[in-house]
Chemist: 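Supplied in structure tokens, the structure appears directly below.
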Amino acid sequence: MATGESTTESVRITELLTSRVSSVVFGVLSTRKGFISVCFLAPILVLSLAAPLIAPYDPTAIHVADKFAGPGGQYLLGTDGYGRDLLSRVLYGGRASIIIGLASTAFGLVFGVPIGIVSGYLGGRFDELMMRLMDTLLSIPSLLLALLVVTVLGSGIVNTILAIGVVFTPGIARITRSSTLSVKNEEYITAAEARGESLYHIAFREILPNVSSPILVEASIRVGFGILIGTSLSFLGLGTQPPFPDWGYMISVSRSHLHSSIWFMLWPSLALGFTIMGFNLIGDALRDVMDSKVHSD
Amino acid sequence: MSAFSAYLVKRMGYIGVTLLLISLIIFAITQLLPGNAAVMILGKQATEESIAAIEQQLGLNRAWYVQYFDWLVGFVTGDWGISFSNRQEVAKLIFPRLVRSAQLAAITSILVTVTAIPLGVLAAIKQDSIWDLLASAGGYVGVSLPEFVIGTAFIALFTGPVFQILPYGGYEPLSSGVVTWAKHLILPSVTLSIILTAHVMRLTRSEVVEVLRKDYVRSARLKGLSETKVISRHALRNGLLPTITLLTLNVGYLLGSIVVVEEVFTFPGLGRLLVRSIQARDLPVIQVTVMLLAIVYAFSNLTADVLYTYLDPRIEYGEEE
């Protein structure tokens, strides 16, 4: 009996979610910004994440005879100073950069959202303590905070993700908290309290679904920002490390070869610019769609 | 005015607490790197006795709160200690670099102010025109290109085979001539200002657009005021306030990107010192540098808030959202 009820409930929730997600997706695609961003992002995401399947060469394979080859011919985008295939390196580099952006945002959500909801809902001492802590972290400029965390943890892709995740947590917690404050006195929350539901249930079953829109918008903008911080750290030599560099490291290395070959610097720069722009645009499109939904509801 | 000074005092107290917490976080990093400080100075082959000796000498074997208090007092009184990596006084390392970075930051702020605000206002007035579209497209490109991409592209363009008109990097003091000085500062400051200009321009546009929709602008128009007067007297005055705030708030962003840009142009400032110190794990330098940058950030935030509260236009118009 109980399982039957929860099954129908979960089916209902799934249906509701599917219809909401599809209406948001169509809404985003129908805006100019959303459409342009998907045109940028879809190919970049698919190609980068599928790098091991489609890269024509091993990104670390050295072809001494072919160094600084121009684009076209055997190597579609040319080669670097060791004769490594630039297309393969850009694809693999994108994989690292995009994974950093997505994973660090996920980290920020996993920690920031619960902190924000519980703080906003409980209020009082706990709220005050948490928000003071979050504000302290926010009062250190983002890149500096990331640098500090890297100082403790050392470089490498996992530590880069952790560092950016720590930077993202307080901002996400703040936004979640303020949305929580605006729904915490709604009737369905009072009803859940009267039913004697647990804090977990109230936070994640009642509040979370109703504060998800602003969090989603925030997260989509963060992905681009995460890629920006991640590649900046790599550029400074404090992020991802060879032999699996991201775009930031590639651009850093290309600087000593600017006079021999411009392609070396150009491809990762273009890929990076279009990726960050894509995430910025999709974030703005999402915000426009969500705002119009709020107003029309 | 007394309410205002009470507000100021409250804010200063708040900043004091925040900075104290930041100093704790920064100091905690020393504690999170167990034994490293001594190993960093002596190298990995150090014997246990020599490590113990240097820990004794540096006071690293004391309780953490004693060390923290000691460090904090040292920081406040200007006794910043000795760098691990080159045995120089931290203060002597920091001051000349702080001055150079401050020049870079000041020039950047001027560049951003004189370009971003007029562009944003123009885009707002000519809403939905081709200029507006161009400005918003330019804004997206500017926001999306990291500083190291723009900087590297500038180096490729202006210091190499294409146009060899500017130095690759470095810094020359004013005493070696204004032109030489400016030539070394132009690429880093333009690079720094691009993202910030894009940010500030987008905000200025949206604020002015918002104001132009307000009732008092409509009634000013209906009164028969010329469009120039409507814009200069009403729209700009109210629309630019948040922008002033944002200019100050952007200091936080500037403090981060200055680190990257100094690295791109091998500019011998505070940012490059910080990166070098992190690579060398030179804790005394890292602690003081980050603390100084946090102080600058805290006070620019305070300036933003105070300006906004002091100049809030709603007091004059008595209009609420």
Side-chain angles (χ1 to χ4, degrees), chain A residues 32-33 36-37 40 132-133 135-155 167 224-225 227-238 247-248 251-252 254-255 258-260 262 265-266 268-281 284, chain B residues 14-15 17-22 24-26 28-30 32-33 136 139-141 143-153 155-157 159-162 168 195 251-260 263-264 271-272 274-275 277-279 281 283 286 289-290 293-294 296-298 301:
Chain A
R32 188 170 58 185
K33 287 173 191 166
I36 298 174
S37 69
F40 288 167
R132 182 50 61 83
L133 183 67
D135 284 351
T136 306
L137 289 176
L138 280 175
S139 60
I140 305 175
S142 307
L143 189 65
L144 288 185
L145 184 56
L147 283 173
L148 273 181
V149 180
V150 168
T151 310
V152 179
L153 299 176
S155 50
V167 171
F225 193 40
I227 295 176
L228 196 149
I229 301 182
T231 49
S232 298
L233 288 175
S234 301
F235 180 85
L236 296 175
L238 300 165
W247 289 329
I251 295 168
S252 170
S254 79
R255 289 186 302 156
L258 282 178
H259 295 246
S260 321
I262 198 84
M265 174 238 150
L266 191 68
S269 299
L270 283 176
L272 180 56
F274 277 115
T275 308
I276 297 179
M277 183 146 60
F279 279 109
N280 284 343
L281 280 166
D284 283 3
Chain B
Y14 184 78
I15 281 191
V17 174
T18 307
L19 287 176
L20 210 60
L21 285 172
I22 291 179
L24 255 176
I25 292 177
I26 293 172
I29 284 163
T30 348
L32 285 167
L33 296 165
S136 98
Y140 270 110
V141 175
V143 169
S144 307
L145 286 176
E147 299 82 359
F148 64 87
V149 169
I150 298 173
T152 310
I155 287 178
L157 257 182
T159 71
V162 190
Y168 176 90
I195 281 198
V251 170
Y253 196 84
L254 183 67
L255 292 176
S257 39
I258 210 167
V259 175
V260 178
E263 192 63 25
V264 174
R272 203 168 146 76
L274 181 63
V275 174
S277 309
I278 290 175
Q279 282 163 349
R281 298 209 154 194
L283 293 174
I286 299 175
T289 312
V290 176
L293 293 174
V296 173
Y297 188 37
N301 279 343

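Side chains included, hydrogens not; waters and symmetry mates left out as well; all remaining heavy atoms used.
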Chemist: Is it the side chain or the backbone of A/Ser252 that comes within 4.5 Å of chain B heavy atoms, both, or neither?
Modeler: neither

Chemist: Looking only at heavy atoms, what is the nearest atom pair of B/Ser144 and A/Met277, with distance?
Modeler: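 Shortest heavy-atom separation between B/Ser144 and A/Met277 comes out as OG-CA, 3.0 Å.
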
Chemist: What part of B/Leu19 gets within 4.5 angstrom of chain A, counting heavy atoms only: side chain, backbone, both, or neither?
Modeler: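 Neither part.
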
Chemist: At a heavy-atom distance under 4.5 Å, which candidate from A/Val149, A/Ile227, A/Leu147, A/Leu238 has the highest pair count against chain B?
Modeler: A/Leu147

Chemist: Please flag which part of A/Phe279 lies under 4.5 Å from any non-hydrogen atom of chain B: side chain, backbone, both or neither.
Modeler: neither

Chemist: Considering only heavy atoms, which portion of B/Ala156 lies under 4.5 Å from any heavy atom of chain A: side chain, backbone, both, or neither?
Modeler: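 Contact with chain A involves both backbone and side-chain atoms of B/Ala156.
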
Chemist: Taking only residues two or more places apart in sequence or in another chain, which ones pass side-chain contact (heavy atoms from CB on, under 4.5 Å) with B/Leu145?
Modeler: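 Residues passing side-chain contact (heavy atoms from CB on, under 4.5 Å) with B/Leu145: B/Val141, B/Val149, B/Ile150.
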
Chemist: Please state whether the side chain, the backbone, both or neither of B/Leu254 comes within less than 4.5 Å of a heavy atom of chain A.
Modeler: neither

Chemist: Can you tell which part of B/Val260 gets under 4.5 Å to a heavy atom of chain A, answering side chain, backbone, both or neither?
Modeler: both

Chemist: So which atom in B/Arg281 and which in A/Val152 form the shortest heavy-atom distance, rounded to 0.1 Å?
Modeler: NH2-O, 3.7 Å

Chemist: Check A/Leu144 against B/Leu274 and note the closest heavy-atom contact, atom names and distance.
Modeler: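 Minimum heavy-atom contact is CD2-CD2, 3.5 Å.
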
Chemist: Among B/Leu293, B/Ile22, B/Thr18, whose side chain to side chain contact (heavy atoms under 4.5 Å, CB included) with A/Ile140 holds?
Modeler: B/Ile22

